[in-house]
Structure formats: structure tokens, C-alpha cells
Number of protein chains: 2
Amino acid sequence: MTQFLGTHVNKLDAKGRISIPAPFRASLRAAPGEAASLVLRPSHNLQCIEAWPIAAFQALATPLERLDVFSEEHDDLAATLYADAYPLEADKEGRIVLPESLVAHAGLSDTAVFMGLGRIFQIWEPAAADRRRAEARERARSRGLTIAGASA
Amino acid sequence: MTQFLGTHVNKLDAKGRISIPAPFRASLRAAPGEAASLVLRPSHNLQCIEAWPIAAFQALATPLERLDVFSEEHDDLAATLYADAYPLEADKEGRIVLPESLVAHAGLSDTAVFMGLGRIFQIWEPAAADRRRAEARERARSRGLTIAGASA
DNA sequence: TGGGAAGATTTGGGATATCATGGGCAAATA
DNA sequence: TATTTGCCCATGATATCCCAAATCTTCCCA
């Protein structure tokens with residue numbers, strides 16, 4: 001599986017479009033028959049936009065199918081998962097337009113940072129991205145970062 | 001399967017018509033031979049209108065077929081499902097006219113929010129929609145339905 | 001090792017199609 | 001005849017498509 005790695009900075013143009021960093025594009029080609037290639041949603045606990053390749057998003061949603069359609073649980077989860085999600089495709093140049101509500105959630109103005117997180121990536125306001133990375137690094141360290149197989 | 005994703009805001013005009021958001025229209029093309037493409041019903045426990053594509057609604061009704069037609073259970077279920085349901089079609093522009101009773105149930109005035117929930121969507125009064133989303137998120141979280149990959 | 005050159009990539013902007021919305025007209029209703 | 005309902009067209013706003021300029025990378029060769 002292709003992965004999203006690294007950090008890239010791009011600009012929003014006057015029309016609200018932004019290029020997806022070229023290294024990320026490979027992973028988001030729409031499956032034949034599918035309309036969208038990417039699903040964007042506001043992160044639950046962070047001030048950023050989460051970008052899911054369509055396949056990963058569908059996998060994310062599978063737990064739903066096991067629930068009774070009329071249950072409160074199903075309704076809550078569906079609302080949480082779907083109501084804020086926006087499927088979209090890139091234009092021929094590999095650009096997307098970010099829905100207004102997501103731009104607001106992430107506090108974006110004219111520059112955005114794409115942060116690779118393996119199977120998904122995030123879109124951040126630049127300063128927030130810096131803070132976030134410093135914080136993540138710090139927390140990982142204090143927790144005694146140990147990744148199986150990775151030796152210092 | 002096409003899914004209803006995202007949230008869209010549209011207006012009711014003087015005649016009580018409202019456009020179905022374009023992204024939702026694809027999923028409600030009537031099957032050839034079918035009259036209606038969409039079934040509306042008041043939500044059981046929420047102050048909103050539920051919109052079912054005809055196919056999904058039929059699937060919803062399948063449990064009925066396993067019940068004895070003369071049983072109380074059948075009657076109750078059938079009444080719940082069908083009595084308040086309105087089948088309707090969109091006009092050439094993709095608009096529908098909301099039945100009065102549903103407008104009342106959802107407390108709509110001149111603006112309505114379409115909330116995608118995967119296989120169905122809901123129609124809300126804007127402020128109520130906001131409250132609902134916050135509540136759903138909160139309840140999903142407290143129930144411990146953490147979404148894989150979506151946190152930290 | 002440095003300078004170009006060729007190819008990608010990002011960014012800009014104009015033309016075009018789509019969409020939301022408003023209003024008119026005619027058939028249906030009462 | 002007054003009122004409503006459904007059907008159709010008109011319009012402005014918006015988003016999408018397409019072409020092209022400006023940057024940035026990479027690679028090659030002197």
C-alpha cells in the first residue's frame with residue numbers, strides 16, 4: 001500500500017483551490033466506477049483536516065454496518081462519521097477545493113501544510129502544524145517511544 | 001453503493017419547494033418503472049425528516065415479509081413504517097415539495113440543512129442540525145466508539 | 001563541481017457548464 | 001371563478017474544466 005510520508009507546504013489560490021502534493025497523488029486515484037477519490041473530514045480532537053483515501057474511509061465505516069439501522073448507536077455514529085465528511089476529486093492539475101467549513105475548522109488562510117501520517121494525511125494551518133509536531137514529538141519521547149523493531 | 005456524505009444548506013422558496021443538493025441527486029434517480037425516487041418520513045426520535053432512497057426503504061421493509069400478515073406485530077411495524085411515509089419525486093430541477101406535516105415536525109421555516117448519513121439523509125432546521133451534530137459526536141465518544149485512526 | 005536544460009509541479013486566470021432559485025403559465029381543484 | 005399544483009423556462013451565482021505561465025527538481029555534461 002502506498003503511504004503518505006513527509007510534510008509539504010502549498011498555497012490556496014484566490015478560488016480556494018490547493019494542489020495536493022505530488023507525492024500524495026498516487027494514493028488517491030479514484031477506483032474505476034467511484035466518483036470520489038478522497039474524503040475530507042474535520043479531525044475530532046485536532047484543529048486540522050483529515051484526508052482519507054476512499055478505500056480507507058470505507059474501511060473506517062464498516063463497523064456501522066453491523067449495527068441495527070434504527071438504533072441510536074447507529075444514528076449517532078453515522079452522524080458523526082458522515083455528516084461532516086466531504087468526498088471530492090482532484091482536477092486535472094491535482095488540485096482540490098476545500099469546503100468552507102473545513103477551512104474554518106482548521107483555521108486556514110492562504111497557506112496550508114500537508115502532513116503525511118501513513119495511511120492518511122492531514123491539512124494544517126502552518127503555525128498550528130509546527131506546534132502539533134513539537135508536541136507530538138515531546139509526548140512520544142516522554143512516553144518512551146518504542147516502536148517494535150526500531151532500535152536507536 | 002453511493003453514499004450521502006456531508007452537510008448542505010438550501011432554501012425553501014415561496015412555493016415550499018427546495019432543491020435537493022446536487023451531490024445527493026445521483027442516488028435518487030427513480031428506477032425505471034418506479035414512480036417515486038425518495039421516501040420521506042418523520043424521524044422517530046429526532047426532530048427531523050428522514051429521506052430514504054426507494055431501494056433502501058424497500059430493504060428496510062423486508063423484515064415485514066417474514067411476519068404473519070395477520071399478526072399484531074406485522075400491523076404495528078407496517079403502521080410505523082408506512083403510515084407517515086410520503087413517496088415523492090423531484091421536478092426537473094431536482095426540487096421537492098415537503099409535505100406540511102413534515103415541515104411542522106422538523107420545525108422548518110425558510111432554510112433547511114441536508115445532512116448525509118451514508119445510506120439515508122436527514123433534513124433539519126439549521127440550529128437544530130448544529131445541536132444534533134454536537135450531541136451525536138458527544139454520545140458516540142462517550143459510548144467509546146473511537147474511530148480507528150481518527151484520533152491523535 | 002558548476003551550469004544548464006528538460007521535465008514536473010505549482011499557481012494563475014478565462015471560458016464554460018452546473019446549480020440554486022425565482023417566476024410564469026396552464027391544468028386541476030374546489 | 002378564486003386557489004392551488006405541477007411543469008417549464010429564465011437568471012444569477014458558483015464551481016468546474018481547460019490552457020498557460022511561473023517555479024522548482026532532477027539529471028546530464030562540460
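Throughout, a chain's letter reflects where its sequence line sits, starting with A, and its residues are numbered from 1. Values reported hereafter were calculated over all heavy atoms of this structure, with side chains retained and with hydrogens, waters and symmetry mates removed.
Of all nucleotides listed (dA20(C), dT9(C), dT11(C)), dA20(C) comes nearest to the side chain of Ser19(B). The Lys92(A) side chain lies nearest to dC18(D) when the options are dT10(C), dG23(C), dC18(D). Picking from dA20(C), dG23(C), dG13(C) the nucleotide with the shortest atom distance to the side chain of Ala22(B) gives dA20(C). Closest to the Asn10(B) side chain, of the nucleotides dT21(C), dG13(C), dC19(D), is dT21(C).
Within the model, atoms CH2 of Trp52(B) and CZ of Arg41(B) stand 7.5 Å from one another, a figure rounded to the nearest 0.5 Å.
For the pair Lys15(A) NZ and dA15(C) P, the interatomic distance rounds to 11 Å; values are reported in whole Å. Atom CG in Leu98(B) sits roughly 13 Å away from atom P in dG6(D) (whole-Å rounding). As rounded to whole Å, 18 Å separates atom C1' of dT16(D) from atom CD1 of Ile18(A). Distance, Glu100(A) CD to dA15(D) C1': 14 Å, rounded to whole Å. Distance Arg25(B) CZ to dT18(C) C1': 9 Å, rounded to the nearest Å. Protein atom CZ of Arg17(A) is 10 Å distant from nucleotide atom P of dG13(C), rounded to whole Å. Across the protein-nucleic acid pair, Glu93(A) atom CD and dT16(D) atom P stand 14 Å apart, rounded to whole Å. Counting to the nearest Å, the P atom of dA20(C) and the CG atom of Asp91(B) are 12 Å from each other.
Within the 4.0 angstrom heavy-atom criterion, only backbone atoms of the sugar-phosphate kind lie near Asp13(A); the bases stay farther away. Within 4.0 Å (heavy atoms only), Val97(B) reaches no atom of the nucleic acid at all. When heavy atoms are screened at a 4.0 angstrom cut-off, Leu12(A) is found touching no nucleic acid atom at all.
Around atom CD of Glu135(A), more than 12 heavy atoms belonging to other residues, nucleotides or ligands sit under 6.0 Å away.
Under a 3.5 Å cut-off, the side chain of Asn10(A) and the backbone N or O of Ser19(A) do form a donor-acceptor pair.
Nearest approach of Leu5(A) to His8(A), heavy atoms of both residues: O-NE2, 3.6 Å.
Arg95(A) contributes a side-chain N or O that forms a donor-acceptor pair with the base of dG12(C) under 3.5 Å.
When the options Pro53(A), Pro23(A), Pro21(A) are evaluated for a side-chain contact (heavy atoms from CB on, under 4.5 Å) with Phe4(A), the one that passes is Pro53(A).
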